[in-house]
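Keep in mind that what you see is a predicted model, and the values were worked out from it rather than measured.
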Amino acid sequence: MSEVTTAEFNEEGKYLRKIRSFVLREGRLTKGQAQAIESQWPTMGLDYSPTPLVLSDVFGREADTVLEIGFGMGASLVQMAKDAPEQNFIGIEVHKPGVGSCLSDAGIAGVTNLRVYHHDAMEVLEHAIADGSLARVQLFFPDPWHKKRHHKRRIVQAEFAELIRRKLKIGGVFHMATDWEEYSEHMLEVMQAAPGYQNQSSDGTVVPRPDHRPLTKFEARGHRLGHGVWDLMFERIA
């Protein structure tokens, strides 16, 4: 597995492309996670290279490709890959136990249409994903950095929206979800101002959770407690 890097931002929240390597505090791998990485990485793992992937070579076929940024423990990503065998899926996650858990679930589920990066998402998107190659980019429950002084650290900013737009094919969709209403408003403001996108919401705000995004245990618990979740879907039109 390749070295992991971190993105940096300036005071205005603008992404800086000079990326420093760092030693990630990985957390302890369970025995099952470690075994899954050892057994599944040769077939499902993607080692970072600054050369754009040829997706038809990676997956052995031509198919719409969905990329998820920060898949956590990977349960919903594996479920999506299982439910849509006609699509290709790529997940990016820097938390090694999450990578191990995802690979373990994928192995048990027998999915063959999923590949995984253990690397910084910004660097993967910038260099390893070809422009105009993705059918959907997913960003589910990113860190909301809810304190106002930390808002500049939020990943959804104007430059990030433009990076995602470049990677999507025309008609491709950037799908975001958050359980912080204020962050959903921030996302909406950024995306409404981003050129080349069209909101898929009928009223210009959020959309109902689409069938392709599984309901997580965390989200189901939130619903029972009266907590909301907000989905935003923006289509690349130019």
**Message:** Around atom CG of Asp57, are there more than 12 heavy atoms from other residues, nucleotides or ligands closer than 6.0 Å?
**Reply:** yes
**Message:** A cation-pi test, strictly: NZ or CZ of Arg153 under 6.0 Å from the centre of the six-membered ring of Trp145 and no more than 45 degrees from its axis. Yes or no?
**Reply:** yes
**Message:** Within the structure provided, determine whether Tyr197 and Ile164 are in side-chain contact (heavy-atom separation under 4.5 Å).
**Reply:** yes
**Asked** Below 4.0 angstrom, N of the basic side chain to O of the carboxylate: do Arg154 and Glu182 qualify?
**Response** yes
**Request:** Return the minimal non-hydrogen interatomic distance between Ser56 and Glu62, and the atom names on each side.
**Result:** CB-OE2, 3.5 Å
**Lys82 atom NZ, neighbour heavy-atom count above 12 within 6.0 Å** = no
**Message:** For a quick test of reading the model, state the closest non-hydrogen atom pair linking Glu126 to Lys167 and the distance between them.
**Reply:** O-NZ, 3.6 Å
**Ser101 side chain to Gly98 backbone, donor-acceptor under 3.5 Å** = no
**Asked** Is there a donor-acceptor contact under 3.5 Å from the side chain of Asn113 to the main chain of Ala84?
**Response** yes
**Prompt:** Any side-chain donor paired with an acceptor under 3.5 Å for Asp203 and Ser201?
**Reply:** yes
**Asked** When hydrophobic residues are tied together by side-chain contacts of less than 4.5 Å, even through go-betweens, does Met176 share a cluster with Leu215?
**Response** no
**Asked** Should the ring pair His119 and Tyr48 be called parallel, tilted or perpendicular, given that the plane angle runs from 0 to 90° and is split at 30 and 60?
**Response** parallel
**Message:** Which heavy atom of Ile129 sits nearest to which heavy atom of Ser133, and what is that distance?
**Reply:** CG2-OG, 3.5 Å
**Item:** Closest non-hydrogen atom pair, Glu93 against Gly72
**Value:** OE1-N, 2.8 Å
**Message:** Tell me if the CD atom of Glu162 is crowded by more than 12 foreign heavy atoms within 6.0 Å.
**Reply:** yes
**Item:** Arg115 side chain to Asn88 side chain, donor-acceptor N/O pair below 3.5 angstrom
**Value:** no
Expected list for residues 226-234: side-chain donor-acceptor pairs under 3.5 angstrom, two or more places apart:
residue : atom : partner : partner atom : Å
Asp231  : OD1  : Arg213  : NH2          : 2.9
Asp231  : OD2  : His175  : NE2          : 2.7
Asp231  : OD2  : Arg213  : NE           : 2.8

**Considering all heavy atoms, the nearest Pro142-Ala177 contact** = CD-O, 3.5 Å
**Asked** Is the backbone N or O of Ala135 less than 3.5 Å from a side-chain atom of Asp64, with the two atoms forming a donor-acceptor pair by type?
**Response** no
**Message:** Quick check on the hydrophobic clustering: are Val173 and Val156 connected, directly or via other members, by side-chain heavy-atom contacts under 4.5 Å?
**Reply:** no
**Complete:** Cluster membership besides Ile170, Ile/Leu/Val/Met/Phe/Trp/Tyr side chains within less than 4.5 angstrom, sorted by chain and number, is none
**Request:** State whether the number of non-hydrogen atoms from other residues, nucleotides or ligands found under 6.0 Å of Glu86 atom CD is greater than 12.
**Result:** yes
**Prompt:** Side chain of Asn199, backbone of Thr205: donor and acceptor closer than 3.5 Å?
**Reply:** yes
**Prompt:** Hey, does the side chain of His118 reach the backbone of Val94 with a donor-acceptor pair shorter than 3.5 angstrom?
**Reply:** yes
**Request:** Locate the shortest heavy-atom distance separating Leu114 from Phe59; write the atom from each residue and the value.
**Result:** N-CE2, 4.2 Å
